Amino acid sequence: MVGNIAVILVALVVSVAIIWYFFAPRKAAQASREGALQTAHIVVKGGYTPAEIDVEAGSPVRLQFDRQEDGECSSHVIFSDLGIDQTLPPFKTTDVEFTPTKPGDLPYACGMNMLHGMVHVLPKGAKSKG
């Protein structure tokens with residue numbers, strides 16, 4: 001009887017840990033500042049790391065996509081709201097530049113729409129969500 005309860009408790013704890021790992025809210029990375037330019041480095045390898053970036057409206061943004069793989073899925077990054085479809089050569093870093101004019105979210109995805117990321121555009125002077 002006690003052994004059965006222990007097994008159930010262990011299974012419950014493991015299940016909660018797995019759910020938390022996959023579904024817990026992720027913190028957004030803050031783009032670094034170089035004068036007026038906001039820059040973030042994103043590793044492309046089975047996904048985007050970091051997948052969420054905070055930037056400030058009204059200042060130019062440079063996202064540096066460091067593609068560390070050669071699969072077809074990650075060969076492009078698409079910002080559909082901005083009309084950007086940028087080729088990402090394998091094992092190279094490619095810059096994507098734009099200037100967000102208003103606060104909001106700018107989703108991006110790979111060419112096959114399997115990898116996803118988000119740029120959170122915050123109002124000028126707002127604190128980062130991350």
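Note that the structure is predicted; figures quoted are calculated from it, not measured.
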J.: So does Met118 get a backbone contact from the side chain of Tyr48, meaning a donor-acceptor N/O pair under 3.5 Å?
T.: no
J.: What is the distance from atom CZ of Phe91 to atom CZ of Arg67, rounded to the nearest 0.5 Å?
T.: 7.5 Å
J.: How far apart are the closest heavy atoms of Asp81 and Asp105, and which atoms are they?
T.: OD2-O, 4.0 Å
J.: Quick one: list whatever passes side chain to side chain donor-acceptor pair (under 3.5 Å) with Asp85, sequence neighbours left out.
T.: His76
J.: Using side chain to side chain donor-acceptor pair (under 3.5 Å) as the criterion, list what pairs up with Asp95, not counting sequence neighbours.
T.: none
J.: Other members of the hydrophobic cluster containing Met114, with the 4.5 Å side-chain heavy-atom rule, please.
T.: Met112
J.: Sequence neighbours left out, cut at 3.5 Å: what donor-acceptor pairs do the side chains of residues 33-44 make with other protein atoms?
T.:
residue, atom, partner, partner atom, Å
Arg33, NH1, Ala36, O, 3.1
Arg33, NH1, Ser59, OG, 3.4
Arg33, NH2, Glu56, OE2, 3.0
Gln38, OE1, Glu56, N, 2.6
Gln38, NE2, Glu56, O, 2.9
Gln38, NE2, Ser59, O, 3.1
His41, NE2, Asp66, OD2, 3.4

J.: If you round to the nearest 0.5 Å, how far is CG of Leu88 from OG1 of Thr94?
T.: 5.0 Å
J.: Quick check for you: to the nearest 0.5 Å, what is the distance between Thr99 atom OG1 and Leu82 atom CG?
T.: 10.0 Å
J.: Which heavy atom of Gly111 sits nearest to which heavy atom of Ile78, and what is that distance?
T.: CA-CD1, 3.8 Å
J.: Does Val121 reach the side chain of Leu106, with side-chain heavy atoms less than 4.5 Å apart?
T.: yes
J.: For Thr93 and Gln64, which heavy atoms make the closest approach, and how far apart are they?
T.: CG2-CB, 3.9 Å
J.: Which heavy atom of Thr87 sits nearest to which heavy atom of Pro89, and what is that distance?
T.: O-CD, 3.5 Å
J.: Who pairs with Glu97 by salt bridge (Lys or Arg N to Asp or Glu O under 4.0 Å), at least two apart in sequence or on another chain?
T.: Arg62
J.: Starting at OG1 of Thr49, measure out to CG of Leu115 and round the result to the nearest 0.5 Å.
T.: 10.0 Å
J.: Please check if any side-chain donor atom of Ser74 sits under 3.5 Å from a side-chain acceptor atom of Glu69, or the reverse.
T.: yes
J.: Please enumerate all residues that pass ring pair (Phe, Tyr, Trp, His ring centres under 6.0 Å) together with Phe79, with sequence neighbours excluded.
T.: Phe98, Tyr108
